[in-house]
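Only one structure is covered here, and it is reproduced in the block below.
This structure is a prediction, so every number in the text was calculated from the model and none was measured.
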Amino acid sequence: MTTSTVAVRVPARAVGAITMASFLGFVAFLWPFVVAPGTFGSTQTPPLMFGVLLLLVLAVIFAEIADGRIDAKALAMLGVLSAINAALRPLGAGTAGIETVFFILVLAGRVFGPGFGFALGCTSLFASALLTGGVGPWMPYQMFGCAWVGMFAGLLPRVRGKAEIVLLAAYAALSGYFFGFMLNLSFWPFSLDPTSSIAYQPGLPALEQLQRYLTFFSVTSLGWDTGRAITTAVLVALAGPAVLGAFRRAARRARFRATPTFATPATTPTGSPDPEPR
């Protein structure tokens with residue numbers, strides 16, 4: 001019997017759906033730099049429209065992945081880790097950007113594969129939003145951001161030992177900044193006085209618009225995102241080896257998507273199968 005630690009396998013059709021969804025996701029985040037001025041009557045229209053679109057796309061992706069490709073053990077693991085992340089999230093993000101969600105997300109994506117990481121990022125944030133009452137137009141963006149963090153963790157180069165911990169810690173720090181950089185784009189265009197030098201201005205060249213946003217990011221959330229990056233990297237460096245070992249033992253015992261193999265029955269010299277013992 002052969003087994004795999006990849007809890008959620010992503011077939012070619014679902015890979016195409018995730019690729020298209022990621023493209024739409026990047027458009028949804030980066031619309032201030034790519035949408036022509038005057039396309040929408042209000043700056044609040046694009047995030048609301050893209051938020052609904054992202055939820056629909058996520059539903060399609062989950063239908064593709066779950067179409068007979070998530071067994072009961074992988075689903076149970078997904079539920080347990082989503083509940084843990086949902087419970088941990090209110091304990092973090094309270095002071096200086098301290099976050100505990102990405103720690104589990106990065107390590108689980110690493111062990112159980114990019115498909116599992118993508119699904120865990122979505123379900124963790126969805127469960128957390130229901131638990132804390134944080135449901136709003138920002139939720140699809142948070143779900144997509146965490147889905148990318150978990151998915152890319154599963155696509156990192158395969159190394160082991162200290163090199164793996166260093167790689168995961170560096171990725172954890174980078175993902176902390178990436179998440180903050182992308183999430184700020186969901187509200188930046190309509191959260192400031194239009195006359196401000198760091199506010200979104202329709203019609204400006206993309207480069208000048210980007211300079212405004214980088215200034216906004218630096219003075220508003222860079223410190224918070226630094227706290228998230230440091231917290232996640234330190235947690236990975238200190239507890240990563242133990243948690244990775246626990247996840248890998250769980251994956252081996254769960255025997256995700258085990259494929260049975262059957263041996264040819266032994267035969268007697270006359271060519272007939274041995275009789276069953278009585």
Side-chain angles (χ1 to χ4, degrees), residues 1-11 14-15 18 58 61-62 64-92 99-128 130-131 143 146-173 175-176 231-261:
M1 181 178 291
T2 59
T3 61
S4 172
T5 60
V6 178
V8 178
R9 292 193 176 277
V10 183
V15 169
I18 291 176
L58 288 173
I61 292 175
F62 269 84
E64 291 285 342
I65 294 177
D67 186 18
R69 299 177 179 92
I70 300 182
D71 62 18
K73 291 171 289 188
L75 190 60
M77 182 68 73
L78 181 64
V80 168
L81 293 182
S82 297
I84 291 174
N85 257 355
L88 287 176
R89 193 181 181 207
L91 303 179
E99 277 279 8
T100 51
V101 171
F102 293 90
F103 166 61
I104 297 292
L105 189 57
V106 168
L107 298 180
R110 172 68 171 179
V111 173
F112 299 118
F116 187 91
F118 188 95
L120 180 61
C122 293
T123 55
S124 294
L125 264 293
F126 183 75
S128 173
L130 296 181
L131 181 65
M143 291 172 63
C146 283
W148 281 331
V149 171
M151 181 181 70
F152 290 133
L155 297 174
L156 293 174
R158 293 296 164 184
V159 294
R160 288 297 182 93
K162 293 183 178 179
E164 182 180 35
I165 300 302
V166 172
L167 174 66
L168 290 177
Y171 172 77
S175 65
T231 301
T232 310
V234 169
L235 285 174
V236 169
L238 295 180
V243 176
L244 284 174
F247 282 170
R248 284 173 174 144
R249 285 193 298 272
R252 287 193 297 268
R253 292 178 181 178
R255 303 175 72 85
F256 294 117
R257 305 196 62 83
T259 303
T261 56

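Of the inter-residue distances, the one linking Leu105 atom CG with Leu88 atom CG reads 12.0 Å to the nearest 0.5 angstrom. Distance check: Ile165 CD1 to Arg160 CZ gives 10.5 Å after rounding to the nearest 0.5 Å. Taking SG of Cys146 as the reference point, atom CZ of Phe126 lies at 14.5 Å (rounded to 0.5 Å).
Listed by first then second residue, pairs satisfying side chain to side chain donor-acceptor pair (under 3.5 Å) with a partner in residues 101-113 read Arg110-Glu164, not counting sequence neighbours.
Not counting sequence neighbours, the partners of Phe247 by the ring-ring contact (aromatic ring centres under 6.0 Å, His included) test are Phe112. The side-chain hydrogen bond (donor to acceptor under 3.5 Å, both in side chains) test applied to Thr232 returns no partner, not counting sequence neighbours. Partners of Tyr171 by side chain to side chain contact (heavy atoms under 4.5 Å, CB included), not counting sequence neighbours, listed by chain and number: Val106, Val149, Phe152, Ala153, Leu156, Ser175.
If you run side chain to side chain contact (heavy atoms under 4.5 Å, CB included) between Phe103 and each of Asn85, Val236, Val234, only Val236 comes through.
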Show me the donor-acceptor pairs, under 3.5 Å and distance only, between side chains in residues 113-120 and residues at least two apart or in other chains.
none

Please table the atom pairs, donor to acceptor, closer than 3.5 Å between any side-chain atom in residues 76-84 and protein atoms at least two apart or in another chain.
residue : atom : partner : partner atom : Å
Ser82   : OG   : Leu78   : O            : 2.7
Ser82   : OG   : Thr123  : OG1          : 2.6

Verify side-chain contact (heavy atoms from CB on, under 4.5 Å) between Val243 and Val111, making sure each step is shown before the conclusion. CA-CA 10 Å; Val243 176; Val111 173; over 6 Å; no
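Annotation for Ala86 and Ser128: closest pair CB-N, 3.8 Å, computed over non-hydrogen atoms.
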